[in-house]
Every structure is written in C-alpha cells, then in structure tokens.
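Everything below concerns the one structure shown next.
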Amino acid sequence: AELKALGRVDSRVEFIDAHDFYVINQSEKGTSYFLSFFQNQTKLYETGYNIDLSKFESDQQASYFKDGSLCKIKCWKEKKESSLELNWILEPDEEQISYTVSYPYHDSRLCFRQVVDSSSGNVLVGMHWGLDGNLKIKRNLLDPNRIIVFDEFGSEIKFDSDEGFLAFLIEFACKQEEVKPFVIIDGFHWSDVARHVEKHIADVILVSHNSHLELPNKGNKPIPAVYDKKFYHRVFKEWEKYAALIILTEEQREDILKDYPDIKNIFVIPNCIPNSRIPEQLNLVKKNECKVVCVTRLSFEKNICDLIYAFLQVVTQRKDAVLEVYGDGEDKESLLRIVKRLKLENNVFLKGYALDVNKVYQSALVSVLTSKSEGHPLALLESMVNGVPCVSFACKYGPKESVSDGEDGFLLTPGDCKGLADRLVYALNHPDEVIQMGKRGKTKVSAVFGQEAYLEKWERVMDCLYSPELVQTTYSCRQMPRV
C-alpha cells in the first residue's frame, strides 16, 4: 500500500499473502468467528478476574488472575481506554509448561496462534485459524510432518518441507483462476518451490538476477555458503519444468547454452531504469571533480578491499582524491580496518546507506565497480543515467553489455588493481572528457535500458509463451492469462 501511494507500484498490482488467501478461501463464508471473540477480548475490564494494571501505562499490558493463578495477559496497541486496539493475548496452559499467544489480524477477522515453551521461549507450534473458527494451517516444529494443511472438509494434507508447502499455496491460488495463469518466481534460489508447481496448473517463469558461475576466488579465503550455485545447474537440467527462464545478459545466455545446449526457453531481459528514476537534470548538486563514488553492498563478492588497495595508489598521485562508498554489509568492520591500516582516513569514507542515490552520483566525477561477479548491476546503470561514467571490472555479467570502453566508461580485467588505479587517475586528471563520456552514457542507458525497452522485452516473452508459433516484430493487445 505504501509503495502504491508513492507511485512505485502500478495501481493494478495486487499484493496477496498466500497463507491468508488459503485461510480465507477455505473458510465458510459469513460473519467471522474471531471478530466477535476479539471484540470481547479488547475490553480492559472483565468480571470474574483480579486484574493487575501495573504494566498498563508503560507496556499497555494487563494480567488477569483467578484464585491466585494467572489466566491470561492482554496487550494493546493503544493505551487509551477509549480507543483500545488489541495486539495479542497470552494464555498459559494448566501445567504452566507452555503458553499460547493469539494475534488478531485482517481487521480481527483472522487469528494466528503460537504455542511457546515456557522455559526456553522457543515457538513449538504456529497455527492459522479461519473465518469460521476452524484450524486451517498448523506448523509443528517437533513433528517430521511439520506442516499440516486442513481443507474445507477438515481433511489433513501433510508436508515435510517449506518448499512443498509453498508450492501447494501457489497451486491453490492458481486453481481459483478461470484461465491457467503465469507465475513469475523472482530468483533462481526459489527453484525448490518452483519445481513443485505442476505444469497443468500454472506456467512458471523463473527469473534470475545473478551469475550462475562460482565466484572467482584467489587465495585460501573460503567462499561463504550463501554463494553456493548448485541450484542453478539443477534448474538448467530440469529446464522443461518451466515455461521460461529469464536471465539478464546475452553473455550469460551464451555461457549457459555452451554447457546446456538443449535448453529452448531462455530469454534475456536486462535490468532497467524506470522512467520515474531517470533524473530530468544533471545539476541536482555541485559536482566534486576529485570525488569517486561506489554504491554497493559491503560483502565478499563486491570486492571492496581491492578498490581500497587500488585507491591507495590513486592517492599517491592525487592527494586530493576522495572515495565515498555507500552501502552496508558484513564486511564493513574489516574494510574500516583496512582503511585505517593504509592511513586513508582522509581519503576513503564508508558512508552507509544513500537516501538519494541520484544526488550521490551527481556529486562525483566518476563511479567505480569492482565486483567479482554480477547479474547485471543496477548501480552501473544508475551511475550512467546520472551522467557519471563508471570505471568497472569487466566481470561476468553486465559491465561489458552496459559500458563501451573509452566511450561512456572504462572496462578493466577483473582483479587488475593497477589498471583500476591508472584509470581513476586518468579520469580525475581529465574531468572535461569524463563529463562528456557521462552525457553519452546517460543517452544510451535511457534508450537501451529504459522502461519502454524493458516492457517490450517482457511483452515479447509473453507473446512467445502464449502463442509459441507466433513470430512478429510488433505486438498488439490480446486476452492474456493472469500473471
């Protein structure tokens, strides 16, 4: 809702919580059982209880006792009695071994409950209850069949994995449609879910944002497990399970087809810069011709340590040079130590998150990208669309398809720190030339990686999927399955 209000999401887009969608559609229609239940529980004062209000002013909580035993604790979102809104209810069991916490949501028409171990505080069971007051989804962390779904007749469907359960919810939503829909799953790491969705129920489009290749790794530093790429190769082997595989660059498509030549459904749709994020002017802030910026995540694959070492060489030739790195991540502290050890505290600054990325880029003469691996870096496009050329390692994938070396930026062999330093020094010594490069880059990105080009590529994919025999270069509106 907030993104829609800001104009960041089209008004026609619906956001649906899959759990809620199932719970509501599997409930008997009519007045919600929980609406009246929670309305009664919202009251602060209840007859038959001794009520402890000592935490009401500070924490909006009240405890209810009978015969000296705690019966329940209630918590409200507002502490004014005239406008109380219930947040949760805690009820201990008779043996005080565990307690149940009930959360009203969906305007108090639905209820989510957790059973919690009293001694450890660990959640043992999570339960979604329907409009009719019946249990619809139960997640038991102590049971190998740990997720149980109840259908409209109360029959149990058991799942031993989140992936199978999520695929079931997707299939349930798809079955409500009159025409078999397309399901776009954003990220190949969700392939464990996508591969369970039956083709006769939905056409699954799997979208990748990253390289499928293992990260290049010099030295003995272990690669974090989060960068494991095995799931990519399973997707490529099982390509026929999916209606389409979307990747970001032609270079990646060529590399995939070298290893998996039988794949017939790979489409290339690069990242784009939406019209709303293309600045109308390039003078939002005063440009500092001594400044280099990098907007990135401070993590292993972004390789910021190489950038800092290269900038040490820049500073030996241009003592007034400044590098500002925007972003955050797990490598922040180690990078700060490198800056301190190299005595670059007056030249290299880790600035945290950027609230206005257009102003960040326009404040600098040039940007830099030193990643070991990318899909198609948005930071590169954002820099270029702000008229700021990028000095980039030509990693796989993206930089070579975005930057024309020497025309609207500079490309270097990955890991070439000396070449990186030389190019940065050259840029700082030739600001007028660099500014002209930036103008050419803005024109190219707006045309090649703009919103219109992006939508046209998606339209072509949908045309091919909807009518595989259709071959045409212009596209008209037609009745399409829901996406």
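Numbers here simply count residues along the sequence, with the first being 1.
Using a 30° and 60° split on the angle between ring planes, H233 and Y260 fall in the tilted class, from 30° to 60°.
Under the side chain to side chain contact (heavy atoms under 4.5 Å, CB included) test applied with L381, the options P270, C390, C272, S402 reduce to a single match, S402.
For R139 and D162, the salt-bridge test passes: some basic side-chain N is under 4.0 Å from an acidic carboxylate O. Remark: D132 engages K136 in a salt bridge, criterion side-chain N to carboxylate O under 4.0 Å. Under the 4.0 Å criterion applied to side-chain N and carboxylate O atoms, E240 and K264 are not assigned as salt-bridge partners. Ion pairing between D203 and K180 holds under the 4.0 Å rule for side-chain N and carboxylate O. For the pair K396 and D255, the salt-bridge criterion is met [side-chain N within less than 4.0 Å of a carboxylate O]. A salt bridge is absent between D331 and R297: the closest approach of a Lys/Arg side-chain nitrogen to an acidic carboxylate oxygen does not fall below 4.0 angstrom. One finds a salt bridge joining E46 and K74 here, because a Lys/Arg side-chain nitrogen approaches an Asp/Glu carboxylate oxygen to under 4.0 Å.
Between the side chains of N50 and Y64, no donor N or O sits under 3.5 Å from an acceptor N or O. No side-chain donor from either of T42 and Q39 sits under 3.5 Å from a side-chain acceptor of the other. Between S102 and R113, the side chains place a donor N or O and an acceptor N or O closer than 3.5 Å (distance only, hydrogens not considered). For the residue pair K72/Q41, the side-chain donor-acceptor check at 3.5 Å is satisfied. The closest side-chain donor-acceptor pair between D117 and N122, if any, does not fall under 3.5 angstrom.
A distance below 6.0 Å separates the ring centres of F159 and F168. Annotation: Y33 is not in aromatic contact with W129 [ring centroid separation under 6.0 Å not met]. Aromatic rings from F236 and H212 are positioned such that their centres are separated by under 6.0 Å. A centroid separation of less than 6.0 Å is found between the aromatic rings of H19 and F165.
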Between S98 and D93, is the side chain to side chain donor-acceptor pair (under 3.5 Å) condition met? List the steps. CA-CA 6 Å; S98 64; D93 64 9; 3.1 Å; yes
Derivation and outcome, side chain to side chain donor-acceptor pair (under 3.5 Å), residues N87 and Y103: CA-CA 6 Å; N87 194 3; Y103 300 88; over 6 Å; no
Go through E452 and Y454 one step at a time and tell me if the side chain to side chain donor-acceptor pair (under 3.5 Å) criterion holds. CA-CA 5 Å; E452 287 73 21; Y454 179 79; over 6 Å; no
Report the C-alpha separation of Y242 and I266 in whole Å, then their side-chain angles, then the decisive distance to 0.1 Å, and conclude whether the side chain to side chain contact (heavy atoms under 4.5 Å, CB included) test is met. CA-CA 10 Å; Y242 310 103; I266 291 186; over 6 Å; no
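Within 6.0 Å of CH2 on W458 lie more than 12 heavy atoms contributed by other residues, nucleotides or ligands. For K400, the NZ atom is densely surrounded, since the number of other residues' heavy atoms within 6.0 Å is greater than 12. Heavy atoms of other residues, nucleotides or ligands lying less than 6.0 angstrom from CG of L142 number more than 12. The neighbour count for Q176 CD, taken as heavy atoms of other residues, nucleotides or ligands under 6.0 Å away, is above 12.
Within the model, atoms CZ of R253 and NZ of K258 stand 12.5 Å from one another, a figure rounded to the nearest 0.5 Å. Here the OG1-CG distance, from T296 to D328, works out to 11.0 Å after rounding to the nearest 0.5 Å. In this structure, the separation between CD on E401 and CG on L248 is 9.5 Å, given to the nearest 0.5 Å. Rounding to the nearest 0.5 Å gives a distance of 5.0 Å between CG of L131 and CG of L110. Note that CG of D186 is 11.5 Å distant from CD1 of I205, once rounded to the nearest 0.5 Å. The CD atom of Q61 lies 9.5 Å from the OG atom of S54; values are rounded to the nearest 0.5 Å.
Minimum heavy-atom separation, Y361 to S383: CE2-CB, 3.5 Å. Between Y232 and S208, the shortest heavy-atom contact is OH-OG, 3.2 Å. Taking each heavy atom of V385 and S446 in turn, the nearest pair found is CG2-OG, 4.0 Å. The two residues V23 and H128 come nearest to each other via the heavy atoms CG2-CB, 3.8 Å. Shortest non-hydrogen contact noted between F231 and H189 is CE1-N, 3.5 Å. Residues I263 and L257 come closest through the heavy atom pair O-CD2, 3.8 Å.
At least one test fails for K138 against the ring of F150: distance under 6.0 Å to the centre or angle within 45° of the axis. For the pair K457 and F267, the NZ or CZ position fails the cation-pi test of under 6.0 Å to the six-membered ring centre and within 45 degrees of the ring normal.
Between the side chain of N386 and the backbone N or O of E382 there is at least one donor-acceptor pair closer than 3.5 Å. Looking only at distances, no side-chain donor or acceptor of N271 sits under 3.5 Å from a matching main-chain atom of P377. The closest donor-acceptor contact from the side chain of S191 to the backbone of A194 lies at 3.5 Å or more, if one exists at all. Proximity of a side-chain donor or acceptor of N25 to a complementary backbone N or O of F21 within less than 3.5 Å is detected. Between the side chain of E171 and the backbone N or O of E198 there is at least one donor-acceptor pair closer than 3.5 Å. Although no hydrogens or angles enter the test, the distance criterion places no donor-acceptor pair under 3.5 Å between the side chain of D192 and the main chain of E163. Using modelled atom types, no side-chain atom of N210 and backbone atom of G375 make a donor-acceptor pair closer than 3.5 Å. Side-chain N or O atoms of S108 include none that pairs as donor or acceptor with a backbone N or O of P104 at under 3.5 Å. With K229 contributing its side chain and S211 its backbone, the two residues share a donor-acceptor pair below 3.5 Å. Without hydrogens or angle criteria, K77 side chain to Q60 main chain gives no donor-acceptor distance under 3.5 Å.
In this structure the side chain of R195 reaches within 4.5 angstrom of the side chain of R234, judged on heavy atoms.
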